[in-house]
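Just so you know, these numbers come straight off a predicted model, no measurement behind them. All residue numbers refer to positions in the sequence shown, counting from 1.
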Amino acid sequence: MLILILFSKKIIDIYIMIIILRIWINLLNNDLHDNLSKFIIKATEPLINLINKLSISKNTNYINIYLILISLVITTIKNSIIMFVSTGYFYINPINLIVNIASLLKLIGNLIFYLIITRSFISFIKQEYSSINYLLVKLTDPLILPIKRIIPDVGNLDFAPTILIIFLYLLNFLGNIIFFKIWNFI
């Protein structure tokens with residue numbers, strides 16, 4: 001049963017990360033010609049269709065807000081089901097909202113971590129510029145460029161991704177201190 005819970009949690013987390021990537025791509029006004037962007041668009045298309053049916057406005061900013069709210073609702077349902085299955089109790093209180101927002105922020109931090117690691121790994125292996133590499137650079141540059149302004153490259157080594165990963169670890173550690181019993185659960 002525990003394996004089924006963990007597996008379903010990971011599947012839901014991956015889908016929420018795909019939704020967050022869709023929001024991120026919309027905010028960056030990406031051209032969406034690579035296969036990864038097309039996959040993200042196809043995977044989130046049912047949600048966009050639902051939003052378009054229920055919403056009056058077709059504005060991209062409103063769609064992004066609705067996608068964030070849908071991500072929070074999915075996170076709330078996921079955490080409530082996992083809490084019910086693991087404890088046998090179903091809790092509804094205001095603290096759940098804080099925990100679910102923290103869970104969503106942790107997912108965003110994990111997504112940034114995975115994108116930075118993937119970008120670094122691809123840059124070591126592939127020297128030519130591919131469409132996936134272009135997407136990864138476009139997604140992670142807003143986070144890495146401020147660090148590069150402070151700490152420039154040393155020779156051929158770029159320490160900005162490493163510093164960003166250390167910062168993400170510090171945020172994760174801080175979340176573990178604040179939400180000590182629940183942080184590894186969410």
Are any of the side-chain heavy atoms of [X] and [Y] separated by less than 4.5 Å?
X    : Y    : value
L143 : F167 : no
L111 : W24  : yes
S120 : I165 : no
S103 : K106 : no
L139 : L21  : yes
I51  : I70  : yes
I132 : T118 : no
I81  : I5   : no

Out of curiosity, [X] [atom1] to [Y] [atom2], how far, rounded to the nearest 0.5 Å?
X    : Y    : atom1 : atom2 : result
N172 : I177 : CG    : CD1   : 10.5 Å
T44  : L50  : OG1   : CG    : 12.5 Å
I74  : I16  : CD1   : CD1   : 5.5 Å

Is [Y] reachable from [X] through a run of hydrophobic residues whose side-chain heavy atoms are each under 4.5 Å from the next?
X    : Y    : value
I122 : I117 : yes
F159 : I150 : yes
I25  : F39  : yes
I112 : L28  : yes
L107 : I101 : yes

N110: partners by side-chain hydrogen bond (donor to acceptor under 3.5 Å, both in side chains), with sequence neighbours left out =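 N110 satisfies side-chain hydrogen bond (donor to acceptor under 3.5 Å, both in side chains) with no residue once adjacent residues are dropped.
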
Taking the side chain from Y15 and the backbone from A43, do they hold a donor-acceptor pair closer than 3.5 Å?
->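 Checking the backbone N and O of A43 against the side chain of Y15, a donor-acceptor pair under 3.5 Å is found.
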
Which heavy-atom pair separates [X] from [Y] by the least distance, and what is that distance?
X    : Y    : answer
G109 : L168 : O-CD1, 3.9 Å
R22  : I48  : NH2-CG1, 3.5 Å
I40  : I18  : CG2-O, 3.7 Å

Salt bridge (charged side-chain N to carboxylate O under 4.0 Å, His left out): which pairs involve residues 110-123, sequence neighbours left out?
->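 Qualifying pairs: R119-D141.
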
Which pairs, with at least one residue in residues 158-170 and sequence neighbours excluded, count as a salt bridge (charged side-chain N to carboxylate O under 4.0 Å, His left out)?
->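 Sorted result for residues 158-170: K148-D158.
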
